[in-house]
Every structure is written in structure tokens, then in C-alpha cells.
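In the text below, chain A, chain B and the rest are named by the order of the sequence lines, each starting its count at 1. We use all heavy atoms of the structure for the numbers below, so side chains are in, but hydrogens, waters and symmetry mates are not.
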Number of protein chains: 2
Amino acid sequence: MSQQQVEEIMKRINSHKGVKALIIINKDGLLLKTNMEMNATTEQLIKNIHELSLAARRLIRDVDPHDDLMFLRTLSDKDEILISPDVNFTVIVIQEHSGDVSKVASDASWTS
Amino acid sequence: MSQQQVEEIMKRINSHKGVKALIIINKDGLLLKTNMEMNATTEQLIKNIHELSLAARRLIRDVDPHDDLMFLRTLSDKDEILISPDVNFTVIVIQEHSGDVSKVASDASWTS
């Protein structure tokens, strides 16, 4: 991915409402770009997200070796983390709850 | 969770179109109920899902110790895995791509 492509993706995502942080890592989990302040907490966060993404891929491949992870989304009380892995890099967005949380929540409504 | 509640949840989820498998585990990852055939592959799958769920919770708590995982969703080329953790048990649904894949894909469209 060229520097220009990275800048283009950053710009496009940052224009979305509610986006709090943006991280792009390569397939080995190394940081390519972020708008977060780099410190030990951010480094740990990136490490955790990379590990989560690997665990999700492992899970899917165990179910079907020909299948692959396209998208991973965590919803917490406060934020959403969207993880979109590609062959060479992974784009991660941390954002406030978007309008479709109700949609996700309704998907989960079988537990209530 | 009573046996009756488990049966009720199983019944409700199974009535959804596209549902391929259903698993309920307790907070330690032990199987409470499933409609899957139990073998080594299923056991590994349950272990992987439990670990993924723990990794997601760890990630969210690292960002904000007062926050907690509400919902986790993986989208692969073939299936979706929906993981809904509660205090005492976690409900897991494996389903075919539902109609809102386009929605998820459009959320991820900043990478294309």
C-alpha cells in the first residue's frame, strides 16, 4: 500500500461522524499509520486488536479452511471497534455507537 | 439460567432463517447446550470462540476499564458468527450471510 493510499483511506474514514480513532497495521501487526497519540496504552491496544483479529481468523479457518475473515466488529457499552483485514494490511476504526446499534442489538435480542 | 430458559432461547434462535448452529456456553467456556454434533472439531470450535470472546473483552477493558463487551460479530466469506456474552453465559450463533451483509460491507467500504 502506497503512502498516498494510506492517506486517502485515513482521510475518508476520518470524515465519518463518530470516528474516534483510526489505526492501520500490516499483516504482522506493525503500525503503518494512526491518528492516536503513541504511548504504551496505544501500543497495547494495537497488540490486542491484532491478536483478536488473528484469533477470529483462526476460528473461521477451523470451521472451514477455505473460508476467511472479512470483517470483525465488537460492540461495547461505549464504543464500536471495526476491524477490516485485507491481505497486506488491516484497517481498524474505533467509533462511538452509530445509528445501527439498535440493529445489532436487535440481532442480539434473542438473549433477552 | 434454568433448563427451561435455555430451551426457550434455543427454540427462538433456531426459528431464524439461515441459522446453521447454535451454542450456549457458560462463563468458563463450558458447553451448556448445542444443536451441533459433538466431536473433536466442535470442541475445538467452542474453545476458539470462548478465547475470541475473552480476547475481545480484554481489548475493550484495556481501552476503558468501565466498559464491557456487549456483542461480537465475525463476517467471513461464507458465514457470520454472532457472539453475545452475558454475565453467566454466552450465546453463539453461526448463520449464513443474512440480508444485512451489504450493510456490514458498506461499513467496511472505506477500504475499497
>> Counting heavy-atom pairs under 4.5 Å with chain A, which one of B:A55, B:S76, B:A56 comes out on top?
In response: B:S76
> Taking every heavy-atom pair that is under 4.5 Å apart, which of B:T42, B:D64, B:L72, B:T41 has the most such pairs with chain A?
Replying inline: B:L72
> So which of B:D67, B:N48, B:L52 has the biggest tally of heavy-atom pairs under 4.5 Å with chain A?
Replying inline: B:D67
> Contact part of B:I81 toward chain A, heavy-atom cut-off under 4.5 Å: side chain, backbone, both or neither?
Replying inline: side chain
>> If I measure from the heavy atoms of chain A, does B:E51 come under 4.5 Å with its side chain, its backbone, both, or neither?
In response: neither
> Would B:V19 end up clustered with B:F89 when hydrophobic side chains under 4.5 Å apart are linked, directly or stepwise?
Replying inline: yes
> Nearest 0.5 Å, what's the CG-CG distance between B:D77 and A:L69?
Replying inline: 9.0 Å
> Just wondering, do A:L45 and B:V63 contact through their side chains at under 4.5 Å, heavy atoms?
Replying inline: yes
>> Which residue in the set A:T74, A:I60, A:I83 passes side-chain contact (heavy atoms from CB on, under 4.5 Å) when paired with B:T74?
In response: A:I60
>> Is there a path of hydrophobic side-chain contacts, each under 4.5 Å between heavy atoms, that joins A:I25 and A:L54?
In response: no
> Does the pair B:L59 and A:I49 meet the rule for a side-chain contact (heavy atoms from CB on, under 4.5 Å), with working shown?
Replying inline: CA-CA 7 Å; B:L59 163 65; A:I49 290 176; 3.3 Å; yes
> Do B:I94 and B:M38 share a hydrophobic cluster, counting only Ile, Leu, Val, Met, Phe, Trp and Tyr and linking them when any side-chain heavy atoms are less than 4.5 Å apart?
Replying inline: yes
